[in-house]
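The structure appears below as structure tokens.
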Amino acid sequence: MRSEPVLLVIAHGSRDPRHAATVHALVERVRSLRPGLRVETGFLDFNVPSAPGVLESLAAEGVRDVVALPLLLTRAFHAKADIPAVLRDAPARLRIRQADVLGPSPLLLSALERRLYEAGLTPADKASTGVVLASAGSSDPEAIAVIASLARDWWRTGWCAVMPAFASASLPRTEDAVRDLRALGSARVAVAPYVLAPGFLPDRIARGAAGADVLADVLGAAPEVARVLLARYDAARRPAVAALGA
């Protein structure tokens with residue numbers, strides 16, 4: 001019986017040690033949800049092991065099938081260019097499928113709400129609370145459109161208002177969105193970082209949230225994030241499973 005493909009989680013990497021620690025915590029949660037699945041972690045920059053190095057090691061072990069999963073919330077430059085380039089240069093003996101990025105997903109909205117409630121809000125606060133959906137930002141119009149759509153979807157679940165904001169490349173900034181929600185009449189303003197791990201841009205989001213009433217934590221190793229990750233893995237491997245049974 002053919003074994004499951006190895007799941008290779010590819011993260012961007014950061015000089016901030018909190019980033020790698022959070023990525024590893026998320027991967028450990030994934031392992032706990034799917035015992036027996038081999039899950040490896042590789043980084044594009046700053047941290048080790050590198051994604052190319054992990055691919056070389058897997059090939060040297062005799063591994064044949066790999067699902068490479070971008071640990072990203074939107075399809076921007078890293079998902080469209082950097083990671084495909086790494087996979088094209090991987091050892092030829094590897095059969096690699098690139099999974100989709102994590103977002104958008106209703107489970108990620110659930111994770112955002114979890115973080116807000118952990119920060120002190122309650123479901124009873126929704127109707128009077130304006131939320132800043134604060135992401136890292138991108139110059140890719142597709143990624144920006146996804147964040148705007150996510151904000152609209154989240155607002156429809158009962159929040160007073162949900163406004164997207166960005167730490168880089170796009171506007172508005174977090175502090176501007178906080179001010180705008182106050183001006184629109186939100187009795188309470190909360191900032192929900194739509195980022196996976198701490199680092200330079202999440203710290204900028206936190207500074208911009210100084211005027212808010214509530215600042216949630218990053219998504220990190222929330223169980224909902226781990227479940228999305230496994231769903232993307234399963235979707236990527238299904239064509240191979242179907243082909244084996246054909």
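Index from 1, following the sequence.
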Evaluate the side-chain proximity of [Y] to [X]: yes if any heavy-atom separation is below 4.5 Å, no if none is.
X      : Y      : answer
Asp16  : Phe200 : no
Leu44  : His78  : yes
Trp155 : Met163 : no
Ile96  : Leu55  : yes
Leu215 : Pro193 : yes
Arg204 : Ser168 : yes
Leu87  : Gln98  : yes
Leu37  : Arg31  : no

Closest approach of [X] to [Y] (non-hydrogen atoms, all atoms of both residues):
X      : Y      : value
Arg188 : Thr129 : NH1-OG1, 2.9 Å
Leu116 : Ala190 : CD2-CB, 3.8 Å
Gly137 : Ala169 : C-CB, 4.4 Å
Val195 : Ala136 : CG1-N, 3.9 Å
Ala209 : Thr174 : N-CG2, 4.0 Å
Ala148 : Pro164 : CA-CG, 4.4 Å

Common cluster, [X]/[Y], ILVMFWY with side-chain heavy-atom separation under 4.5 Å:
X      : Y      : value
Val86  : Tyr233 : no
Leu184 : Val178 : yes
Leu150 : Leu181 : no
Val162 : Leu107 : yes
Val67  : Leu33  : yes

Once you round to the nearest 0.5 Å, how far does [atom1] of [X] lie from [atom2] of [Y]?
X      : Y      : atom1 : atom2 : result
Thr22  : Leu196 : OG1   : CG    : 9.5 Å
Ile144 : Ser139 : CD1   : OG    : 8.0 Å
Leu112 : Tyr117 : CG    : OH    : 11.0 Å
Tyr194 : Trp154 : OH    : CH2   : 10.5 Å
Ile83  : Phe77  : CD1   : CZ    : 11.0 Å
Phe46  : Ser14  : CZ    : OG    : 7.0 Å

Checking [X] side chain against [Y] main chain: does a donor-acceptor pair fall under 3.5 Å?
X      : Y      : result
Ser149 : Ala145 : no
Lys126 : Leu121 : no
Arg95  : Val66  : no
Arg38  : Val6   : no
Asp125 : Thr122 : yes
His19  : Gly13  : yes
Arg232 : Leu102 : yes
Ser170 : Ser138 : yes
Arg115 : Asp217 : no
Ser186 : Val189 : no

| Electrostatic pair Arg173-Asp176, nearest N-O below 4.0 angstrom |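 Answer for the salt bridge query: no.
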
| query | Counting only heavy atoms not in Arg15, do more than 12 sit closer than 6.0 Å to its CZ atom? | reply |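 Counting other residues, nucleotides and ligands, CZ of Arg15 stays at 12 neighbours or fewer.
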
| said: Other residues, nucleotides and ligands only: do more than 12 of their heavy atoms fall within 6.0 Å of CZ on Arg182? | reply: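 Counting other residues, nucleotides and ligands, CZ of Arg182 exceeds 12 neighbours.
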
| message | Is the distance from the ring center of His24 to that of Phe43 below 6.0 Å? | response |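 Between Phe43 and His24, which both carry aromatic rings, the centre distance is below 6.0 Å.
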
| said: Just to verify, what does Glu175 make a salt bridge (Lys or Arg N to Asp or Glu O under 4.0 Å) with, not counting sequence neighbours? | reply: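 Salt bridge (Lys or Arg N to Asp or Glu O under 4.0 Å) check on Glu175 returns nothing, list empty.
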
| message | For a side chain to side chain contact (heavy atoms under 4.5 Å, CB included) check, start with the C-alpha distance between Leu7 and Glu40, then their side-chain angles and the critical distance, and finish with the verdict. | response | CA-CA 6 Å; Leu7 170 56; Glu40 300 290 342; over 6 Å; no

| message | For Leu108 and Glu224: C-alpha separation, side-chain torsions, deciding distance, then whether side chain to side chain contact (heavy atoms under 4.5 Å, CB included) applies. | response | CA-CA 6 Å; Leu108 294 178; Glu224 296 89 350; 5.8 Å; no

| note | The single option from Thr41, Val225, Val39 that satisfies side chain to side chain contact (heavy atoms under 4.5 Å, CB included) with Val30 is Val39

| task | Starting from the C-alpha separation in whole Å, work towards a yes-or-no answer on side chain to side chain contact (heavy atoms under 4.5 Å, CB included) for Leu229 and Leu26. | result | CA-CA 10 Å; Leu229 200 152; Leu26 175 59; 4.2 Å; yes

| Trace of the salt bridge (charged side-chain N to carboxylate O under 4.0 Å, His left out) decision for Arg18 with Asp203 | CA-CA 11 Å; Arg18 297 174 298 168; Asp203 283 350; 2.9 Å; yes

| Verdict with supporting geometry, Leu219 and Leu73, side chain to side chain contact (heavy atoms under 4.5 Å, CB included) | CA-CA 11 Å; Leu219 293 172; Leu73 293 171; 4.2 Å; yes

| Which is it for Asp100 and Arg75 under the salt bridge (charged side-chain N to carboxylate O under 4.0 Å, His left out) test, yes or no, and what are the steps along the way? | CA-CA 8 Å; Asp100 202 357; Arg75 273 183 48 78; 5.0 Å; no

